[in-house]
Number of protein chains: 2
Amino acid sequence: MVLPRAARTQRRTRIQEEKEEQILEAALEVFSANGFRGATVDQIAEVAGMSKPNLLYYFRTKEAMHRSLIDRVLDTWLDPLRAFDAEGNPVAEIRSYIRRKLEMARDFPRESRLFANEVLQGAPHIVDELKGPLKQLVDEKAEVIRSWAKAGKIAKCDPYHLIFAIWSTTQHYADFDVQVRAVLGQENDGEGRFEDAARFLEELFVGGLQVRE
Amino acid sequence: MVLPRAARTQRRTRIQEEKEEQILEAALEVFSANGFRGATVDQIAEVAGMSKPNLLYYFRTKEAMHRSLIDRVLDTWLDPLRAFDAEGNPVAEIRSYIRRKLEMARDFPRESRLFANEVLQGAPHIVDELKGPLKQLVDEKAEVIRSWAKAGKIAKCDPYHLIFAIWSTTQHYADFDVQVRAVLGQENDGEGRFEDAARFLEELFVGGLQVRE
DNA sequence: TGATAATTTGACCGGTTGGTAAACATTACA
DNA sequence: TGTAATGTTTACCAACCGGTCAAATTATCA
């Protein structure tokens, strides 16, 4: 029988497992570098090392690949924010949130760019997720930040814009990597750059959120 | 004669002037929303209100339109940074730089997204400009910031990462607009949001750069 | 081992896309 | 006003793209 993947029963073959992983890896590579429209199925197939019809045997459409990737990324992407602990020390929590986000930008730049591509072009596939689960999570954590400010543990500030600022500054190193490299030059291209960025951002946010008169 | 636009003599017709403007306006709309690959010439022609061959009479290729736009944007985009004055008051200079960048994100979001799309996908058309003119300008201004830090007027910090942080936080409101809107909700959608962002960012950077023991 | 299900491939299809050719229309200007 | 240059349109093309199909190959397991 030649049932499409989605319609098959629970049990997944070893080959299915492997090939789907292979495909998603290739799709991530291609989508993140070219956007949804800019990526071609042939290209993904080539990177995945298989023929196009073979690829389409596992994912019936280009959209299906993309959705599968987006869902996976969206979920793990928010882990650092979920880890934000209301009971912890505010400054330490913010500091570690920044560092974790920055590590993700360093270790998973393709995932960041996949997401950036999507949002930049109006987030046609994920508006609902943004307005639903994402907003809900941010609302919740914003309340935590607000309570810290109220208790005088950090400066009074708009928690939403604080979160946006952390997102944008950290993801910048993945999404605008080419620009960052171009401006900084070849020297200091590896771990040093990451540490410089981490140090700067931590001081910026910790200093900027210090309670002042 | 039917010479292509680029090969014509100096003098440009009134019609050329008008139509090229019309086309670039349409191209900006379409490119910024869909990326280079995602945009189609037909789409641009429709938005510009003319037939595709007519459009291609003014810009011989899709690339030519894109390049023309990118060149224009790249130039005006750096104006705020050029205005950075070594002689001015450091805190005031940084504050006004942030505000100006944020105003650009508000007033020219399409230009910001055009640029973001380009860089996100590896900046294939503008790597040279990034490594050349852009790097040079940033190097120059970084030196100014470093001198301020040395003179004890602001906290010691990596000037490059400071500039990246200002770029990313401000442009975020143009590039990730959909996400920002989704998280903040409909209420407070207009000028208020802009003012909130401006106030937050100014305090963040001014506070973060304050000289401390 | 053999039969059945799962996997892989080459050939192909209809729609879209960037771009062209050439005829037609309009404008500028002597 | 006449005419040459400029501007516009219709019809079209070759390449590409997402996806299908049926036949061939390989894996699974009774």
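Chain naming here is simple, since letters A, B, ... match the order of the sequence lines and numbering starts at 1 in each.
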Quick one: sort the A:F164 and B:Y173 rings into parallel, tilted or perpendicular, breaks at 30° and 60°.
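The arrangement is perpendicular - the two ring planes meet at more than 60°.
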Nearest whole angstrom, please: distance from the [atom2] of [N] to the [atom1] of [X].
| X | N | atom1 | atom2 | result |
| --- | --- | --- | --- | --- |
| A:L55 | D:dT20 | CG | C1' | 14 Å |
| B:E17 | C:dT27 | CD | P | 18 Å |
| A:E46 | C:dT9 | CD | C1' | 16 Å |
| A:E18 | C:dA6 | CD | P | 17 Å |
| B:M50 | C:dA25 | CE | C1' | 16 Å |
| A:F31 | D:dC17 | CZ | P | 13 Å |
| A:I44 | D:dG19 | CD1 | P | 10 Å |
| A:I23 | D:dG19 | CD1 | P | 13 Å |

Protein N or O to nucleotides 17-22 of chain C N or O, pairs below 3.5 Å:
| residue | atom | partner | partner atom | Å |
| --- | --- | --- | --- | --- |
| C:dT17 | OP1 | A:R37 | NH2 | 3.0 |
| C:dG18 | OP1 | B:A39 | O | 3.2 |
| C:dG18 | OP1 | B:K62 | NZ | 2.9 |
| C:dG18 | OP2 | B:V41 | N | 2.9 |
| C:dG18 | N7 | B:K52 | NZ | 2.9 |
| C:dG19 | OP2 | B:K62 | N | 2.8 |
| C:dG19 | N7 | B:K52 | NZ | 3.4 |
| C:dG19 | O6 | B:K52 | NZ | 3.3 |

Does a side-chain N or O of [X] approach OP1 or OP2 of [N] to a distance below 4.0 Å, or not?
| X | N | answer |
| --- | --- | --- |
| B:S51 | D:dT9 | yes |
| B:Y57 | D:dG7 | yes |
| B:N54 | D:dG7 | no |
| A:Q16 | C:dA6 | no |

Mind checking whether A:M50 and A:I23 have side chains closer than 4.5 Å, heavy atoms only?
yes
Do A:E129 and A:L134 make a side-chain contact, defined as non-hydrogen atoms from C-beta onward lying under 4.5 Å apart?
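A side-chain contact under 4.5 Å is absent here.
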For the rings on B:Y160 and B:W167, is their centre-to-centre separation under 6.0 Å?
no
Salt bridge flag under 4.0 Å for residues A:E143 and A:R146
yes
Decide side-chain hydrogen bond (donor to acceptor under 3.5 Å, both in side chains) for B:S68 and B:R72; before the verdict, give the C-alpha distance in whole Å, the side-chain angles of both, and the deciding distance to 0.1 Å.
CA-CA 6 Å; B:S68 189; B:R72 179 189 289 200; 5.8 Å; no
May I ask you to check whether over 12 heavy atoms, not counting those of A:Q136, lie within 6.0 Å of atom CD?
no
